[in-house]
Amino acid sequence: MLGGSTAMCGQELEQMSSVDQGSQYSLSDGILPSLGAASRNHRRPKLRRFIISPFNPHYKFWQSFLILLVFYTAWVCPFEFGFLDSPKGPLAITDNVVNAFFGIDIILTFFVAFLDKTSYLLIDAPELIALRYAKTWLAFDIISIIPSEFAQAVLPHPLANYGYFNILRLWRLRRVSGMFARLEKDRNYSYFWVRCCKLIFVTLFTVHCGGCIFYFLAANYRDPKRTWLGLITDNFNDISLWNRYVTSMYWSIITLTTTGYGDLHPVNSQEMIFDIFYMLFNVGLQAYLIGNMTNLIVHGTARTRQFRDTIHAASSFALRNQIPDRLHEQMLAHLCLKYRTNSEGLQQQETLDALPHAIRSSISHYLFNSLVDSVYLFQGVSRDMLFQLVAEMKAEYFPPKEDVILQNEAPTDMYIVVTGSLELIFQKNGVELVFSEAKTGDVFGAIGVLCYRPQLFTVRTKGLCQLLRLNRTAFLNIVQANVGDGTIIMSNFLQHLREMKDPIMEGILTDVEHMLARGKMDMPLSLGFAAKRSDDLLLHQLLRRGADPNETDHTGRTAMHIAASNGSQHCATLLLEYGGDPNIKDCEENVPLWEAIMGKHESLIKLLLENGAEISSGNVGHYACAAVEQNNLELLKDIVRYGGDVTLPKTDGTTALHTAVSEGNAEIVKFLLEQGADADNRDSYGWSPRALAEHQGHEEIMELFQHKSGVKKPTTVPLPNDPQLPRLVKFQSEPIIPPYVRDGRPNSETRWLDDTRIRRFNNFPNSLFGIMSAANTGERDKDLIKPAANFVRGIRSKSKYPARVTLSCPEKSGTAAKLVVVPESLQQLLDIGAKKFQFCPTKVLTTEGAEVEDIELVRDGDHLVLVGDGEI
C-alpha cells in the first residue's frame with residue numbers, strides 16, 4: 001500500500017464513523033492517511049493557514065446549498081430564454097441573488113485545496129490552486145454570474161436578448177452530475193432509486209429545454225400565424241403565460257416520445273430544422289435511458305454494483321443469523337473500507353505484491369522503520385533484525401468501532417499502531433471495562449505472541465486506524481536467527497510489564513517469570529539475560545541445553561561478568577560448574593573479579609578466587625587509575641589485597657600515581673608511594689609524577705616525594721623537552737570507568753545493553769551461526785577482543801601519542817585548567833568537563849570565541865573553553 005493521502009470521495013461511511021477527536025484522519029473526511037504517516041510528519045495532510053479542506057463539513061454543506069441553487073438555475077435559465085424578453089420583478093432579483101452566491105463560491109475556490117489524482121495528495125499551495133482553477137472552470141464561472149442587465153447594456157443589439165446570456169448559466173449543471181455520482185456510492189441510499197432519479201431529472205430537463213426553445217422559435221418568427229402556435233390561436237400573446245408554458249411542454253414531450261403529431265406539428269422551416277436535431281438528440285437520449293434501465297434491472301454497474309451486492313449479502317447474512325447490531329455494523333464498515341482501499345484506484349496492497357521481495361522490503365523500511373524503531377519492544381536490537389521485522393509487517397486499515405483482537409482468542413498476530421487510537425477492553429462477568437488506550441507507536445498483542453497464551457484483552461478501534469500486523473510465526477523465525485536480539489526483546493518486555501505497576505500486569509509478569517524459570521518460553525534467550533536477572537533456574541536450563549558458558553555480547557561481556565557485577569553467587573557457581581572462564585576479559589579488559597571487587601561482593605570474590613580468578617589477568621593499571629579518578633582509596637586497597645599491582649601503567653604509560661597527582665589527592669599519593677610507585681617514572685608523553693606536581697603547584701605532594709627520596713627539594717623539576725608537546729596546565733588521564741559503573745559501584749538499574757538507541761550494524765555474534773562458531777573457536781576468539789578494542793581506541797591518532805587538549809572554564813576561575821586526551825565525541829568531551837569542573841557545560845569554544853561543533857575539528861594542543869548553564 002503505497003504512500004500518498006488517498007481520497008475516499010464518498011459519504012456513505014459518515015453515519016458509522018465515530019471519529020477519535022485526537023485524530024486528523026476519518027472516514028467521513030473522505031481521506032485515508034498515507035502509510036507510515038505517524039513517522040513522517042511532512043506526509044500528513046495538514047493544510048496551510050487560510051486553506052480549506054475540500055472535505056471540511058462546513059464546506060460540504062456550502063456545496064450542498066449551491067446544488068439547490070443549481071436546480072433553480074436548471075429551470076429558470078431555459079424559461080427566461082424562451083418566454084421573457086428582459087428581467088422583471090422578483091425573478092430578476094432572485095437571479096442576481098443566486099449569481100451573488102456563485103460569485104462568493106468563485107472567491108472561495110481560490111482557498112480550497114484540491115486532491116491530485118496522480119499522487120493522491122492534497123495540494124494546498126495557493127499558486128497551484130489558482131493556476132488549476134484558472135485553467136479549468138474560472139472563465140465559465142465568471143461568465144455565468146454576470147448580471148443580465150449588464151450584459152444587455154454592453155452586448156450588440158442582435159445578442160442583447162435576455163435569454164441568450166442566461167443560457168450560459170447551465171454550466172453549473174456539472175455540480176448535479178457530481179452529486180449523483182456520490183449518491184450512487186453511498187450505501188445509505190438505494191442505488192436503484194438514485195439512478196432512477198438521475199434518469200428522471202435528465203428527461204425532465206430535456207423536455208423543459210425543448211419546450212422553451214419551441215416557444216422561442218414561435219414567438220420570434222416573423223409571421224406568427226405560420227408557426228406551430230399559430231395552429232392553435234391567431235394571437236397567442238393573449239393566452240396566459242402558464243397556458244403557453246404548458247402547451248410548449250406538451251409539444252416537447254410528444255416530440256420526445258415520437259408518439260406522432262396530432263393537433264401540433266412544425267410549420268415553418270426553422271421549426272422543422274430544430275425538430276430534426278431534436279429528434280436526433282432523442283435517439284441518443286432514449287438509447288441512454290434504455291441502456292441504464294437495462295443495467296439497473298439486469299447487470300448493475302460493474303464495480304459499484306458488485307460492492308452493493310456484497311453489502312446486501314452481508315446484511316442478509318446478519319439478519320438471517322440474528323447477528324448483533326454492533327457486529328453487523330463492523331461487517332459493513334470493514335467491507336466499505338476494503339472497497340475504498342482496493343477498488344477505487346488505490347490498489348496499494350496489490351501494487352506491493354506485484355513487486356520483488358527486495359523492493360517491497362525497501363519500501364517497508366522507508367515507510368515504517370522510524371516508527372518501529374521507537375517501539376519499546378525493539379529498543380536496542382540490531383539494525384539487521386529491525387530491517388527483517390519491518391519487511392515482514394503488513395499495513396492494514398481498520399474502520400471505527402471494529403474489533404482487531406478478541407479476548408481469549410489464539411495469539412497469531414501482534415500489532416503496532418501507525419495512526420489513530422484503540423481501546424484495550426477487559427471483559428469480566430459480561431461487563432466491558434476499558435483497561436487502557438493504545439496510540440501511535442504502541443504495540444498490542446505482544447503478551448500472547450511472546451508467551452503463547454490467549455489474548456488478554458479485546459482491542460477495539462476508536463476511529464479510523466492504520467496498523468502494522470506482524471505474524472507470530474514470522475516473528476519467531478526472525479528471532480531464532482538473532483538470539484542476542486531475542487534476549488533484548490524479552491528484557492524490554494519484562495521491563496515494560498514491571499513499569500506498568502498494574503495488578504493485572506504484575507500477575508502476568510509473575511507467570512512469565514515462572515515460565516522462564518521452567519524453560520517453557522519459545523523465545524531464544526542468552527546466558528547474559530538470565531545472569532542479568534539473577535535467574536539461576538533459567539541459567540541452569542540454558543546451560544543444560546548446551547549453551548556456551550563463555551558466550552559474549554557485542555561488548556565482549558559474558559554472563560560471568562554480569563553475574564559478578566550483580567553479585568549473583570548462584571549464577572556464578574553454575575557458570576563455573578559448566579566450564580565458565582573466571583579470567584575472561586571483555587572489550588575494556590575487565591575481568592569478572594574486578595566487577596565483583598567494584599560491587600564489594602565479598603562472597604562472590606571468594607568464590608572466584610577459589611576457582612582460579614586472578615585480577616592480574618586484566619589491565620590492573622586501568623583498574624588502579626579508575627579507583628584514583630573516583631578518589632576511592634578503599635577500592636585501591638582492595639586491588640592490592642587481591643593481588644593487583646597498583647604501580648603498573650596503562651597502555652599509554654600513565655600510572656595511578658600520575659592520576660593521583662593530577663587529582664591533587666595527597667592521601668592516595670602517599671599510599672601509592674608506600675606500594676613502591678616511582679615518582680620519576682615518565683609516561684609515553686614524557687611527564688613524570690614529580691614534574692606534574694611541580695608544574696601544578698602541589699606543595700604537599702612535593703614534600704611526600706622529597707621525603708620518599710630523602711633529598712632536598714630541587715629548585716626546578718626537569719620537564720619534558722619535546723618541543724611538540726603542548727604547554728601543560730594539569731594532567732588528566734583518559735576516563736576509563738565502564739558505562740555500567742556509577743560512583744565506583746555497579747549500577748544495578750543500568751541495562752546490560754546500555755545504549756538502546758544506537759543500532760549495531762553487525763550482529764553476527766548474535767546469530768545462530770555466530771554462536772556455533774564461538775563454541776568451536778574457543779580461546780582463539782578471546783585473543784581477538786583486545787587488539788580490536790585497542791584498534792578502536794587508537795584509530796584517532798597516527799602519531800606516537802594520542803592528541804591532548806587543555807580545558808578551562810571561565811566560570812570556575814578558582815579551578816586550574818585540565819589537560820585531557822581528545823575523546824571520540826564532543827559529548828564525551830563535555831562529560832569530562834562536567835566531571836572535572838563540577839559544572840554543566842553546553843558548548844565548547846576556542847580561545848578566540850568560535851564554537852566547536854564537531855570533535856574532528858579539534859587538534860592536538862588546542863586550548864578549549866567550556867561554557868554552560870551552571871553548577872551541577
List the residues meeting side chain to side chain contact (heavy atoms under 4.5 Å, CB included) with [X], not counting sequence neighbours, and say none if there are none.
X	value
D645	T647, L648
F387	S361, H365
R498	L494, Q495, L509, E513
K606	E610

- prompt: Are the side chain of H622 and the backbone of P649 linked by a donor-acceptor contact shorter than 3.5 Å?
  reply: no
Could you list the residues that satisfy side chain to side chain donor-acceptor pair (under 3.5 Å) with [X], not counting sequence neighbours?
X	value
S568	none
E853	none
Q675	none
E602	Y642

- prompt: Which heavy-atom pair separates T847 from H863 by the least distance, and what is that distance?
  reply: CG2-O, 3.5 Å
Any [X] side-chain heavy atom under 4.5 Å of [Y] side chain:
X	Y	value
Y623	L636	no
T846	D862	no
K637	F671	yes
T806	L864	no
L607	L576	yes
I562	R557	yes
V867	P841	no
F378	M385	no

message: Pair K650, T655 - check side chain to side chain contact (heavy atoms under 4.5 Å, CB included), show working.
response: CA-CA 6 Å; K650 296 197 300 182; T655 64; over 6 Å; no
Ignoring hydrogens and geometry beyond distance, is a side-chain donor-acceptor pair present between [X] and [Y] at under 3.5 Å?
X	Y	result
Q827	D831	yes
N550	D581	no
H570	T573	no

Would you compute the distance between atom [atom1] of [X] and atom [atom2] of [Y] and round it to the nearest 0.5 angstrom?
X	Y	atom1	atom2	answer
R804	K818	CZ	NZ	15.5 Å
L866	L845	CG	CG	8.5 Å
S603	Q569	OG	CD	4.0 Å

message: Could you go through E551 and T558, starting from their C-alpha distance and side-chain angles, then the distance that decides it, and tell me whether this counts as side chain to side chain contact (heavy atoms under 4.5 Å, CB included)?
response: CA-CA 6 Å; E551 70 177 23; T558 66; over 6 Å; no
message: If the threshold is 4.0 Å, N to carboxylate O, is there a salt bridge linking K836 and E629?
response: no
message: I'd like to know whether L657 forms a side chain to side chain contact (heavy atoms under 4.5 Å, CB included) with N681, so could you lay out the CA-CA distance, the side-chain angles of the two residues, the decisive distance to 0.1 Å, and finally the verdict.
response: CA-CA 9 Å; L657 188 57; N681 184 28; over 6 Å; no
Qualifying salt bridge (charged side-chain N to carboxylate O under 4.0 Å, His left out) pairs, either residue in residues 664-681, two or more places apart: D680-R690
query: Do R641 and D638 pass the salt bridge (charged side-chain N to carboxylate O under 4.0 Å, His left out) test, and can you show the C-alpha distance, the side-chain angles, and the key distance before you say yes or no?
result: CA-CA 5 Å; R641 179 153 60 100; D638 287 340; 2.9 Å; yes
task: Would you check, one step at a time, whether the test side chain to side chain contact (heavy atoms under 4.5 Å, CB included) holds for H698 with V661?
output: CA-CA 8 Å; H698 297 309; V661 171; 4.2 Å; yes
query: ring pair (Phe, Tyr, Trp, His ring centres under 6.0 Å) with H496: which residues, sequence neighbours excluded?
result: Y376
